[in-house]
Amino acid sequence: LTARERDFLQDMMSCKRWRHLLIDLSAKYTTSGVLKYCIEEISKRGYHREIAHRNITIGSDYFQVFGGMLTSELGLVGKMGLCGSLDVECLGRNNNNHDKQIDENQTNDDHDDSIDVSNNEHHTLNRMDGIIYSLRKICSATSYTHLYSMEVLDELIRYASTQSNNTKDGATSSTRKVMRRICRKWERLREDLERDMIAPPPITASSNATNISIGHMNSSLNPLARKRRLDIALTTSELHQRSRRRIDPTIEDPPTTREEGQNKNVSTDVSTNAIEGTTASSSFLGGTDISSSKFNLESKNIHYGLDAGVESLLRRHSVRARNLLDDALADQLLHNPYEQQHYLTQSDNNDGDDDGDTRAGRLLARHPLSVEALLGALFLPSRGATMGGGGASDGNVRSLNIRMKCARLIAAAVLASEKCVKEDELNLFHESREGGEMKKNIKSKLGCGMNASELAKTLLRASQLCDQVENMVLFTVSTDTKEDPSASVGRQLSSLCIKHSPIATGFLMWASERTQGKEFVASAAYPTLAPGILSLSRIIASYHPFTRNRVLDLTLSFISHSNSELSYQKTKDLKEQCLRLLLCLSAWGLAIEVFDFMGKKLGQSLGGIASSKSYYIDAALLRYFISGMLDIVRPPVSIPFIRSIGQMLSTRSCIEALMSSNFDTKKKIALSSLIRNFEDAVDTSYSRFNGSTAEDRMLVTSLLQIYGTE
């Protein structure tokens, strides 16, 4: 290119509209030298977020650009994990490219009326979920981008963990807390990348699902492509590669996690000995002499049998095998002589408590998808374990012995996770004067207070209660946490769901599968069983924040139910209960997701009747929902919230419902007042700090013209 041509292209890159066009063209015409130059220059300018959002094949076509984008976005995810939003004060002003991007985007938004970015893209581009979603799509697009991303994340997590635990360099308690928060974001992203490659697609495709982390990315692929992604993910994972990366196969592995590295019984010279080819200390396995070649071979097979067992479990879950867990696989994960030696070395340091810390539990906790698979095998009838490993389960006759083994594996993973959380919290206070008292409080507040055997029996009992609810017509729920064996099935199940998050997750998985399909809606138990499921889901969401996305998906599935045989009043009562639950979830942090869904469905409707009859929300229900929203929403509000609720209020069905004489006058005044607060939030003088755009101001102006008259 000549200097004049380069200058012309540089001017095009300075405009958001043309920059997006160049990014889109580079994804379509991958062999063009001009477009390759453009995408590299756009990357150098720091527009990595726009590249990740618009071009998911960037890793396979422009790997250098992908590397720069990944580095930039992972750093941004860590920073956003500290402040919770993407603003200039939080991220600092050290990155000149990022500053230039913010200034330039703001200028274009204010003075260019031909912006080609949709409202949805403005909505999600600078939000954490939007950035994570774009990262996950682009990192899981090909095999080597997935492998490279996982290796980079592993290295970042390892380095950050080392820095947070390095007290010799004068790391303060606040520094360690910051590093751990960043590590948690990266660890969650790593888990999501693994889930995107391995998790099976949903049984029934649902357009109302909001939780994108449960196999939805694989739903559009054919079975052969999903099988290839599964093979790639498992072959490149640590479960398959750990035993193949060792220099001396007769020596135990060095610690691979922070928990194993902090284990006092494991010699820190193990990795050094492995490199030098020397023999490891015999105290590693409780004084057992490992110089014997026979013991070395058996220990090696046992040690890596756990990796192979978890890998087999994930593979079976991904292909939806009916025999998810059989006797052989359960025994491979449970009855491990290596664990018995581990307990012998731990017996002097656990203060007489059976904390259930096993390598199998830590390995399962490191791969949450395996725990989810075990919960499905325990709680879902259609995914039940087989009788002794032979034949497929019919969903009615399941081996109690295998269910107990499944519960023991889940209990091991839960206790291992609790121990990790306790250690993280205790390490923050080891230099504090109140460390002793704080240590007691942490031990008493964090954890279920059960050993592995007790927790396994509790999990099994909860799954049996779900089986009983399956055959019931009606059950009642309660917020009472006292366990009373003489209480009803619903009250016992409610108490267990409140106390134990794995049981709560298992119940939600059971409820999601139970309520799918037309059979449940058409059954005689639907009008009486549905209120109990929704009520217990609301209780679970109030006590367990991380289950709220599952509760939201379950609630949206109930909204889509339609039964012509039910009376209008009964149908209205169920819909109102769903809308009340949506309002509760809005108050608990899912407001944008809720209003996005309502705006999307109402936008497809005509006069309150959706294009799909299953999403029928009439004007009375819509007024009921908006009235409840006005009771819980108070200014100040964020710009993403304004975009989300503004899209819903701009729909034709919403306008007709709220402008009618049936809508209470006081509510109309409250709605008008709320929109005037929107006008203050999107004012031009604040756009530099809150990210409001010209489209936001046009949206609020339109809402004022419709609802502004008091």
Please work out which of the three classes, parallel, tilted or perpendicular, describes the rings of F558 and Y526, given edges at 30° and 60°. parallel
Less than 4.5 Å apart, any side-chain heavy atom of F475 and any of I533? yes
Looking at K457, I want to see if its NZ is surrounded by more than 12 non-hydrogen atoms of other residues, nucleotides or ligands under 6.0 Å. no
Over all heavy atoms of both residues, which pair between S557 and H561 is shortest? Give the atoms and the distance, please. O-CD2, 3.1 Å
Cationic N near anionic O, under 4.0 Å, E372 to R195: yes
Quick one: pull up CD1 in I706 and CG in L671 and give me the separation to the nearest 0.5 Å. 10.5 Å
Measure the SG-CG distance between C139 and L189 for me, rounded to the nearest 0.5 Å. 6.5 Å
I need the R538 CZ to C578 SG distance, nearest 0.5 Å. 13.0 Å
Does Q647 use its side chain to pair, donor to acceptor, with the backbone of G599 at less than 3.5 Å? no
Do Q577 and S535 get their side chains close enough for a donor-acceptor pair, meaning under 3.5 Å? yes
With the side chain counted from C-beta on, respond yes when I410 and L455 share a heavy-atom pair under 4.5 Å apart, and no when they do not. no
Salt bridge or not for D664 and R623, using N-O below 4.0 Å? no
Inspect the surroundings of CD in Q468 and state if more than 12 heavy atoms from other residues, nucleotides or ligands are less than 6.0 Å away. yes
Side chain S495, main chain R491, donor-acceptor under 3.5 Å: no
Closer than 3.5 angstrom, by distance alone: can the side chain of S644 be matched with the main-chain N or O of P640 as a donor-acceptor pair? no
Pairwise side-chain contact, K405 with N401, heavy-atom cut-off 4.5 Å (strictly under): yes
Check this for me, if you would: do R188 and D192 make a salt bridge, where the nitrogen-to-carboxylate-oxygen distance has to be below 4.0 angstrom? yes
Step by step, would you call L649 with L658 a side chain to side chain contact (heavy atoms under 4.5 Å, CB included)? CA-CA 9 Å; L649 294 175; L658 301 183; 3.9 Å; yes
Expected output: side-chain D231 to main-chain R228 donor-acceptor under 3.5 Å: no
Tell me whether S140 contacts the main-chain N or O of R136 through its side chain, where contact means a donor paired with an acceptor under 3.5 Å. yes
Does I655 reach the side chain of Y707, with side-chain heavy atoms less than 4.5 Å apart? yes
Say you draw a straight line from CE of M197 to NE2 of H146; how long is it, rounded to the nearest 0.5 Å? 4.5 Å
In terms of heavy-atom contacts, L230 and R315 come closest through CD2-CG, 4.0 Å
Treating K575 as the side-chain partner and I559 as the backbone partner, does any N or O pair qualify as donor plus acceptor under 3.5 Å? yes
How about L602 and L622: do any of their side-chain heavy atoms sit closer than 4.5 Å? yes
Shortest non-hydrogen contact from I198 toward L314: CG2-O, 3.9 Å
CD1 of I632 to CG of L583, rounded to nearest 0.5 Å, is 5.0 Å
D573 vs Q569, test: side-chain hydrogen bond (donor to acceptor under 3.5 Å, both in side chains). Steps then yes/no. CA-CA 6 Å; D573 292 341; Q569 187 60 41; 3.1 Å; yes
A side-chain contact here means heavy atoms from C-beta on lying under 4.5 Å apart; do L554 and L508 qualify? yes
When you measure from the side chain of Q492 to the backbone of P485, do you find a donor-acceptor pair of N or O atoms at a distance under 3.5 Å? yes
Nearest 0.5 Å, please: how far is CD1 in I539 from OG in S494? 5.0 Å
Smallest separation among heavy atoms of M472 and A525, with atom names: O-CB, 4.2 Å
Measure the shortest side-chain to side-chain distance between L582 and L556 over non-hydrogen atoms and say whether it is less than 4.5 angstrom. yes
Would you find a donor on one side and an acceptor on the other, under 3.5 Å apart, between the side chain of N563 and the backbone of V521? yes
Please assess D467 against R403 for the test salt bridge (charged side-chain N to carboxylate O under 4.0 Å, His left out), listing each intermediate value before the final yes or no. CA-CA 13 Å; D467 292 342; R403 293 184 69 179; 3.2 Å; yes
For a side chain to side chain contact (heavy atoms under 4.5 Å, CB included) with C406, tell me which candidate from L460, L459, L324, L378 qualifies. L378
Taking atom types as modelled and ignoring hydrogens, do the side chains of S512 and R550 form a donor-acceptor contact shorter than 3.5 angstrom? no
Might you work through the side chain to side chain contact (heavy atoms under 4.5 Å, CB included) test for D618 and Y568, ending with a clear yes or no? CA-CA 12 Å; D618 60 15; Y568 172 79; 3.3 Å; yes
Between S672 (side chain) and K668 (backbone), is there a donor-acceptor pair under 3.5 Å? no
Can you give me the closest heavy-atom contact between S692 and R643, atom names plus distance? CA-NH2, 4.3 Å
Does a side-chain heavy-atom distance below 4.5 Å link C497 with Y543? no
Under the side chain to side chain contact (heavy atoms under 4.5 Å, CB included) criterion, do F663 and S627 qualify, and how do the steps go? CA-CA 9 Å; F663 193 47; S627 298; 3.5 Å; yes
Do you know the tightest heavy-atom contact between S417 and A365? OG-CB, 3.3 Å
Passes side chain to side chain contact (heavy atoms under 4.5 Å, CB included), S537 versus F507? Steps please. CA-CA 9 Å; S537 299; F507 169 79; 4.2 Å; yes
Expected output: side-chain S318 to main-chain P200 donor-acceptor under 3.5 Å: no
Taking R316 first and then D326, would you say they form a salt bridge - that is, a charged N and a carboxylate O separated by under 4.0 Å? yes
